[in-house]
Amino acid sequence: MRSIALVAAFGLVAFHLALIFSGLVPNLVSRPLHLALALPWILLAGAQSPVMRVSGIALTLCGIAASLWVAWSHDVLSDQYGFLEGNFQLLIAVTLLIVVFEAARRAIGWPLPLVAFLTLLYGLFGQHIPGEFGHSGTPLASFLGTLTIAEGGIWGSLTGVSVNVVAIFVIFGAVLNAGEAGQGFMNVASAAAGRLKGGAAKVSVLSSAFFGSISGSASANVASTGAITLPAMTRLGYPKRLAAAVEAVASSGGQIMPPLMGAGAFVMVELTGVSYTSIMAAALLPAILYFLAVWVGVNAYAGREKLAGLSAEDQPPLRIVLITSAFFAVPFALLLIGMFWIGVTPQYAASLAILASFLLLFFNTRGIGSWAETRGRIENALLNAARQVSMIAAIIICASIIIGVLSITGLGVKITSLILSGSGGMLWPALLLTALACLILGMEVPTTAAYVICVSVAGPALIQLGLEPLQAHLFVFWFALLSTITPPVCGAVFIAAGMIGENWLKVALTAMTLGFGLYIIPLAMIANPALIELQTTPLSALLAAVQIGLGLTLMSIALIGARPAALRLALFAAGATVIFFRLFI
């Protein structure tokens, strides 16, 4: 079975890399093939019971057959303009929708496919709803055809992002992590911060920021870096709730830290029309401020708990630091040189970085590794890449159904109007309503899906109220992250608490104090928009970052470090005033 899985994984990776170098491939070819390659990893790989395996085989075969038919018939389908012809095409449409729903359910659970299914029902029967939230109705052949045989639903632009961009960067992360790069992150972080007060926690912050910038997943970040940092912190006497909270909070910042930022950043490129490099520039200072607030919080806790740094014997030798840092520095350098100096697309630059990362799999800190070691790394890279690409595909394709129905029925415009009327046409009430929606939705679906759904309905309202498109999208994206550390559903906290054996609620409360920047910084972007204008007005952006950083420092000391209640209140108020009072235009 492992041999079959490796062949399938190689096929998936080779297909997505070939798309980068093969020139233009029709969307109704590349996107259905993307789904066909992903389905076995979702419907078969995780099947535990005989019923799940049998149903998984049936759904996989049906889904692959339907996807291949769409790819084969793309020339004919492009002339139908999303209108199904005959019962066979209707069967193809229904099959694809069922397979996409079940793939998403098996990948991430019920919430997202349930929301998508309810949205689909609205599209089918919403004409019977009285009042302004009904719609005029769309012929069944046109409605289902737009979703399944045209580029307006499951083969829409979001799926294109998954195929052409997200998959490449996920493959890059998988190949990079299969080698010595992860240990390189840890060693650099240990050398930079290990001997400081609270050094083990600060190593966790730095290494999680490094690793998270390529993994794009808080859960994966906790599971990987936490396996090293959590034992180190407990061995040095850190309270378990603090150790787990530090790891959860630091890991949650990976999705907002350039250069990669996970799938959400690439989706933002498509939805805003802003270049990837511009989004990276806009996201950089807020991400640094987030980790600054975490760092200050760790320092305050270290002073309160009298936490020491790492001992000399726990520090990696300088030679090892330099050698292992090359395992991530070389691919990252190629990525950045490709994007900023040579001027190729981000996915092309990532492909060059993948090649460099692959070659580095043949080496370890002692030189060229054994064939057994290298083979194991290559296999792990292929398998992890296939699993991660497939899971993101399941999420994005299912979310594309929601986007398609919103567009066909006009429901998105109606929800936008509801937000505008509910907020009384005022920006800050609309922002709070949007933040609440992001938090609630983010508790049930992954960050990328929560961002896509929320920004589709709330983004236009925020833009109408005066925000720039990128400003609105970054605001929504940041608040979609809240559920990683905010009860009652806080995935990063659950994993960290389970790894260390602590009560998750204690960990969550500590994580919220350490990661409070996640709640404040999106609001600061609105109050002081210069913060995200590093590319156009760098001086103003840096001045805004200094101002907001000062405010975050005061608020962090108030939440964690200062003892008298009156002093804490005064510091908190001073910090909030500094953050939200615009000193620089």
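Predicted model, so just to flag it, every value in this text is computed and none were measured. Hydrogens, waters and symmetry mates are skipped; everything else that's a heavy atom, side chains included, is used. The first residue in the sequence is number 1, and the count goes up from there.
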Under 3.5 Å, side-chain donor or acceptor atoms of residues 290-302 against the rest of the protein: list the pairs with distances, not counting sequence neighbours.
{"unit_1": "Y290", "atom_1": "OH", "unit_2": "V249", "atom_2": "O", "d": "2.6"}
{"unit_1": "N299", "atom_1": "OD1", "unit_2": "K202", "atom_2": "NZ", "d": "2.7"}
{"unit_1": "Y301", "atom_1": "OH", "unit_2": "T513", "atom_2": "OG1", "d": "3.3"}

Between [X] and [Y], is there a donor-acceptor pair closer than 3.5 Å when you use the side chain of the first and the backbone of the second?
X	Y	result
R241	V507	no
R105	P113	no
N177	G173	yes
S556	T553	no
T416	A458	no
S423	L420	yes
Q464	S417	no
S421	L418	yes
Q547	V578	yes

State, to 0.1 Å, how close [X] and [Y] come at their nearest heavy-atom pair, and which atoms those are.
X	Y	value
A524	I579	CB-CG2, 3.7 Å
A430	I419	CB-CG2, 4.2 Å
A541	L285	O-CD1, 3.6 Å
A116	I402	CA-CG1, 3.6 Å

Heavy-atom neighbours of K506 NZ exceed 12 at 6.0 Å: no
More than 12 heavy atoms of other groups within 6.0 Å of W110 CH2: no
side-chain contact (heavy atoms from CB on, under 4.5 Å) between V455 and V267, worked out: CA-CA 11 Å; V455 84; V267 173; over 6 Å; no
[Y] and [X], any side-chain heavy atoms less than 4.5 Å apart:
X	Y	result
I392	T448	no
L518	T486	no
L230	Y238	no
P286	I532	yes
I453	L112	yes
V165	V269	no
I548	I520	no
T324	V188	no

Report all side-chain donor-acceptor pairs from residues 469-479 shorter than 3.5 Å, counting only partners two or more places apart or in another chain.
{"unit_1": "Q471", "atom_1": "OE1", "unit_2": "E468", "atom_2": "N", "d": "3.3"}
{"unit_1": "Q471", "atom_1": "NE2", "unit_2": "M525", "atom_2": "O", "d": "3.0"}
{"unit_1": "H473", "atom_1": "ND1", "unit_2": "Y451", "atom_2": "OH", "d": "2.8"}

Worked verdict on F266 versus Q347 for side-chain contact (heavy atoms from CB on, under 4.5 Å): CA-CA 10 Å; F266 304 114; Q347 55 266 41; over 6 Å; no
Trace of the side-chain contact (heavy atoms from CB on, under 4.5 Å) decision for I401 with T119: CA-CA 8 Å; I401 295 175; T119 307; 5.9 Å; no
Residues in ring pair (Phe, Tyr, Trp, His ring centres under 6.0 Å) contact with F516, at least two apart in sequence or another chain: none
Audit row: C438, T434, side-chain contact (heavy atoms from CB on, under 4.5 Å) steps and yes/no: CA-CA 6 Å; C438 290; T434 303; 4.2 Å; yes
